[in-house]
Amino acid sequence: MDNKEKNGRTLKLKTLLKILGGLAVLATAIIYFIYGYLYNPEKPVSVSTVPVLNNFVRPRFLFNIYGAAGVQLVKPMAVFFDNENERIYVSNTESHTIEVFKYQGEHLLSFGGFGSEPGKLSFPYGIARTRSGDILVAEAGNGRIQRFSAEGEYLGTVLKQPNEFKVEKPGPLCTDSEGNIYIGDISGGKVLVIDEQGKLVNIYYQAQYPHGIAVDEKNKLLYTADSDASKILVYSLNSDTRDPVRVIERTPSESGQVNFGIIRGIALDNQGRLYVANSLAGSVIVFDNKGISSFDFGSPGNDDGAMLYPNGIDVDDNGRIYIADWGNNRVGVWGY
């Protein structure tokens, strides 16, 4: 082999090494970007910027909220995130209070306390926000819905006991931009819709134990979790019929996926994905906007990232997920 041929091979080898080195640097940069930008819990990322790789991008566990010194969560049934004020409202159900936390989990204030007089609470459940920023709280114990200011000041009662709608045990709550209030009647097997003055808008039956409700205003759909039949009933808000237009179920035919056990709270994110608290399985199932299940996250237990009979769930505008972990006396916070 002459010197000319050796020099040619050496040149090709050096060129190849340079190409491989450049690819390694590029790969490293991509890894650091994904880890440092998408998965940094201190830097909330709008869910609209999260790349949804065939809807299989799973959230990661961030932290737990147990309460504060002298204020511990006891069997929390529901959690609600106020996007306007960046506050986390939790139904501290067996302590008969509402606990309010800042975005990073720092305790801010409490209101309620056991009783039946105005402003007191008995087994609070659903929490929602009105158009004016007031907070609605449903009481399973007193069978009513009260209105409070964002700071917990009692402002009035929206649904009293007894009432003309025969709602005895209101559970989950949600509202829409028109001021309508959606109430899951867990003892009467229906979802009641009233306006801010308490007048009837509609009633949806067929869900025996509606422990979860969510409204898709863009597509005018009402999602209701039927905990008795372990399925999600979807109603059209634009239709005159009160029958479901779609039913979402998890069946054994979906190989390798966790089936519905006892389903509880549900929530929609701003991409139209549906989050379902699969309580008996200690996990959350996520469906795309066509009702097709994409993935599960969480597992049964009491370690970080595990759940024990999760009940209420909410998703904020940044894609953070808040789960009322009933059995573990805490709220688990997850994010993309």
Side-chain angles (χ1 to χ4, degrees), residues 38-45 47 50 57-68 71-83 86-95 97-108 110 124-127 171-172 174 211-212 214 225 227 258 260-269 273-287 293-336:
L38 295 181
Y39 296 109
N40 184 350
E42 300 301 321
K43 187 181 206 178
V45 181
V47 75
V50 176
V57 174
R58 287 175 168 81
R60 64 190 292 261
F61 170 76
L62 299 180
F63 59 90
N64 287 314
I65 299 173
Y66 289 93
V71 183
Q72 299 301 307
L73 297 181
V74 184
K75 306 302 181 192
M77 290 289 285
V79 58
F80 169 75
F81 186 81
D82 183 352
N83 286 285
E86 293 193 334
R87 290 181 174 184
I88 306 164
Y89 289 80
V90 182
S91 283
N92 196 9
T93 304
E94 292 201 5
S95 288
T97 61
I98 300 298
E99 304 300 334
V100 188
F101 301 87
K102 295 181 180 179
Y103 187 74
Q104 295 298 341
E106 179 185 350
H107 188 258
L108 189 61
S110 303
Y125 195 153
I127 308 171
C174 68
H211 278 280
S227 294
V258 177
F260 278 154
I262 297 176
I263 57 174
R264 291 288 186 154
I266 59 177
L268 290 163
D269 68 13
R273 293 180 294 195
L274 180 69
Y275 295 73
V276 180
N278 197 14
S279 188
L280 203 59
S283 65
V284 172
I285 304 175
V286 183
F287 294 84
S293 56
S294 299
F295 56 84
D296 310 274
F297 66 89
S299 58
N302 49 29
D303 294 333
D304 288 346
M307 308 172 203
L308 196 59
Y309 306 114
N311 197 82
I313 187 169
D314 198 16
V315 184
D316 71 20
D317 287 346
N318 287 321
R320 261 193 179 186
I321 306 152
Y322 305 85
I323 303 165
D325 191 350
W326 182 88
N328 284 319
N329 298 316
R330 66 192 183 190
V331 169
V333 183
W334 296 64
Y336 287 97

**Request:** Determine, step by step, whether Leu308 and Asn302 satisfy the side-chain contact (heavy atoms from CB on, under 4.5 Å) criterion, reporting the C-alpha distance in whole Å, the side-chain angles of both residues, the deciding distance to 0.1 Å, and the verdict.
**Result:** CA-CA 7 Å; Leu308 196 59; Asn302 49 29; 5.7 Å; no
**Prompt:** Looking at CD of Glu86 and CG of Asn318, how far apart are the two atoms once the value is rounded to the nearest 0.5 Å?
**Reply:** 7.0 Å
**Item:** Closest non-hydrogen atom pair, Gly332 against Asn64
**Value:** CA-OD1, 3.6 Å
**Prompt:** So which heavy atom on Thr93 is nearest to which on Pro124, and how close?
**Reply:** OG1-O, 3.0 Å
**Complete:** Sequence neighbours excluded, the answer for side chain to side chain donor-acceptor pair (under 3.5 Å) partners of Tyr322 is Asp316
**Request:** Using salt bridge (charged side-chain N to carboxylate O under 4.0 Å, His left out) as the criterion, list what pairs up with Asp325, not counting sequence neighbours.
**Result:** Arg330
**Request:** Please identify each residue that fulfils side chain to side chain donor-acceptor pair (under 3.5 Å) with Asp303, with sequence neighbours left out.
**Result:** none
**Asked** When you measure from the side chain of Arg58 to the backbone N and O of Asp296, does any donor-acceptor pair fall under 3.5 Å?
**Response** yes
**Request:** Run the numbers on Ser91 and Ile98 for side-chain contact (heavy atoms from CB on, under 4.5 Å), then give the verdict.
**Result:** CA-CA 5 Å; Ser91 283; Ile98 300 298; 3.7 Å; yes
**Request:** Just do the side-chain contact (heavy atoms from CB on, under 4.5 Å) check on Leu62 and Arg320 with the steps written out, would you?
**Result:** CA-CA 9 Å; Leu62 299 180; Arg320 261 193 179 186; 3.7 Å; yes
**Asked** Nearest heavy-atom pair of Gln72 and Ser95: which atoms, and what distance?
**Response** O-OG, 4.2 Å
**Message:** Just to verify, what does Tyr309 make a ring pair (Phe, Tyr, Trp, His ring centres under 6.0 Å) with, not counting sequence neighbours?
**Reply:** none
**Prompt:** When rounded to the nearest 0.5 angstrom, what distance separates CG in Leu280 from OG in Ser227?
**Reply:** 11.5 Å
**Message:** Test of understanding: with ring pair (Phe, Tyr, Trp, His ring centres under 6.0 Å), list the residues that count as partners of Trp334, not counting sequence neighbours.
**Reply:** Phe61, Phe297
**Item:** Asn278/Phe260 under side-chain contact (heavy atoms from CB on, under 4.5 Å): CA gap, chis, key distance, verdict
**Value:** CA-CA 6 Å; Asn278 197 14; Phe260 278 154; 4.1 Å; yes
**Plane angle bin for Tyr336 and Tyr275 - parallel if under 30°, tilted between 30 and 60°, otherwise perpendicular** = perpendicular
**Message:** Tell me the closest heavy-atom pair linking Ala267 and Ile313, and the distance in Å.
**Reply:** CB-O, 3.7 Å
**Request:** Taking Ser279 for its side chain and Pro310 for its backbone only, find out whether a donor-acceptor pair lies under 3.5 Å.
**Result:** yes
**Message:** If I compare all heavy atoms of Val331 with all of Ala324, which pair ends up nearest, and what's the gap?
**Reply:** CG2-CA, 4.4 Å
**Prompt:** Can you name the nearest heavy-atom pair linking Val90 to Ile127, along with the distance?
**Reply:** C-CD1, 3.8 Å
Let me check something: any side-chain donor-acceptor pairs from residues 73-83 under 3.5 Å, sequence neighbours excluded? List them with distances.
| from | atom 1 | to | atom 2 | distance (Å) |
| --- | --- | --- | --- | --- |
| Asp82 | OD1 | Glu84 | N | 3.0 |
| Asp82 | OD1 | Arg129 | NE | 3.1 |
| Asp82 | OD2 | Asn85 | ND2 | 3.0 |
| Asp82 | OD2 | Arg129 | NE | 3.3 |
| Asn83 | OD1 | Asp317 | N | 2.9 |

